[in-house]
Asker: 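Let me give you the structure first, and then I'll get to my questions.
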Amino acid sequence: MKKITLTLVDEAATIAMGKRLASITKNQQLSSLIVFLNGDLGAGKTTLTRGFVQGMGHVGNVKSPTYTLVEPYELDDYNVYHFDLYRLADPEELEFMGIRDYFASKCCCFIEWPEKGIGVLPKQDIIINLTYSDEQRLIELVAVTAVGEQIVNQL
Ligand code: ADP
Ligand code: MG
């Protein structure tokens, strides 16, 4: 298990970190990547994912999937799925949405509030913990699998 903690001084730094994760994922030609995002409201989970989605080649808006639970991006190399499970009442709802099909493809999944989907979500490769540090943020990345380590080792 490999762990790294970095300071993100402002929103731009959080976006840049997301883009960096995207470029490592592409360079390493990883098959699928599952990232769990932990942190209080406003800690930067959506901002980080926005950077990742843009780094994977999406041009345009990256809106928070608070009401839709998931926002899909079908990009050149990967299907990227941004989940926000904050409003999920029951993990079974994810089954009804056909979530298994998402994970079957070559995909990158960034999942906010993953604890709401326990039992249905696949195993995470990386756990990201975002915390407030005065006006800034701290990001802790914990690699749980070999795929996760391939990424964290490049940071
Ligand atoms: P979450 O999805 O965790 O609820 P958001 O990404 O929606 O959080 O919101 C994070 C807020 O904090 C945004 O207003 C953003 O501008 C700001 N922010 C993001 N990263 C940083 C940072 N590194 N330092 C300070 N503010 C940040
Ligand atoms: Mg969010």
Side-chain angles (χ1 to χ4, degrees), residues 2-26 30 32-75 78-99 102-103 105 107-145 148 151-155:
K2 163 117 186 174
K3 190 163 93 175
I4 184 171
T5 305
L6 300 164
T7 300
L8 303 170
V9 295
D10 56 15
E11 177 174 1
T14 305
I15 295 277
M17 173 59 67
K19 288 186 173 170
R20 215 166 138 200
L21 293 172
S23 93
I24 296 169
T25 300
K26 285 199 280 190
L30 299 177
S32 283
L33 174 68
I34 312 291
V35 176
F36 283 8
L37 296 161
N38 298 319
D40 292 340
L41 281 176
K45 304 179 294 297
T46 297
T47 305
L48 182 76
T49 306
R50 182 171 294 132
F52 183 84
V53 169
Q54 290 171 348
M56 294 305 274
H58 173 73
V59 180
N61 261 1
V62 176
K63 52 181 192 244
S64 181
T66 309
Y67 294 96
T68 52
L69 294 178
V70 61
E71 212 48 69
Y73 302 89
E74 285 168 22
L75 304 175
Y78 295 90
N79 293 325
V80 178
Y81 298 105
H82 178 197
F83 291 88
D84 182 344
L85 304 184
Y86 188 68
R87 289 172 191 280
L88 188 72
D90 186 330
E92 257 200 357
E93 273 180 60
L94 292 173
E95 304 265 27
F96 298 142
M97 283 165 56
I99 197 175
Y102 293 177
F103 301 133
S105 66
C107 69
C108 297
C109 299
F110 273 54
I111 306 168
E112 302 184 41
W113 304 100
E115 63 270 33
K116 302 254 185 180
I118 274 176
V120 179
L121 296 175
K123 183 175 164 52
Q124 73 278 31
D125 297 298
I126 302 178
I127 301 168
I128 292 181
N129 299 307
L130 285 156
T131 48
Y132 286 78
S133 171
D134 298 323
E135 299 297 301
Q136 306 181 346
R137 303 290 188 271
L138 293 178
I139 182 170
E140 178 187 72
L141 302 104
V142 184
V144 181
T145 63
I151 293 188
V152 174
N153 282 336
Q154 302 284 316
L155 290 169

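Source: prediction; values computed, not measured. Sequence positions, counted from 1, serve as the residue numbers for this chain. All ligand and atom numbering here is 1-based and tracks the order in the structure.
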Asker: For N129, enumerate each residue passing the side chain to side chain donor-acceptor pair (under 3.5 Å) test, keeping only those at least two apart in sequence or located in another chain.
Answerer: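 For N129, the residues satisfying side chain to side chain donor-acceptor pair (under 3.5 Å) (neighbours in sequence not counted) are N38, E140.
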
Asker: Do you know which two heavy atoms are closest between E74 and N79, and how far apart they sit?
Answerer: CG-OD1, 3.2 Å

Asker: List the atom of A143, the atom of V152, and the distance in Å for their closest heavy-atom pair.
Answerer: CB-CG2, 3.8 Å

Asker: I'd like the contact residues of ligand 1, where contact means a heavy atom below 4.0 Å.
Answerer: L8, V9, D10, E11, T14, D40, L41, G42, A43, G44, K45, T46, T47, E112, E135, Q136, R137

Asker: Within the side chain of R137, is there an N or O that forms a donor-acceptor pair under 3.5 Å with the backbone of T131?
Answerer: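 No; zero donor-acceptor contacts below 3.5 Å.
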
Asker: Please report the shortest heavy-atom distance between F110 and L33, naming the atom on each side.
Answerer: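 Taking F110 first and L33 second, the nearest heavy atoms are CE1-CD2, 4.5 Å.
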
Asker: What number of protein N, O or S atoms occur at distances under 2.8 Å from the Mg ion (ligand 2)?
Answerer: 2

Asker: Please confirm whether the backbone N or O of G42 pairs with a side-chain atom of Y132, one donor and one acceptor, at under 3.5 Å?
Answerer: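 Checking the backbone N and O of G42 against the side chain of Y132, a donor-acceptor pair under 3.5 Å is found.
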
Asker: Treating Y73 as the side-chain partner and Y78 as the backbone partner, does any N or O pair qualify as donor plus acceptor under 3.5 Å?
Answerer: no

Asker: If every non-hydrogen atom of T47 is compared with every non-hydrogen atom of I15, which pair is closest and at what distance?
Answerer: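 Heavy atoms of T47 and I15 come nearest at O-CD1, 3.6 Å.
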
Asker: For residues 83-94, which residue pairs pass the salt bridge (Lys or Arg N to Asp or Glu O under 4.0 Å) check, not counting sequence neighbours?
Answerer: none

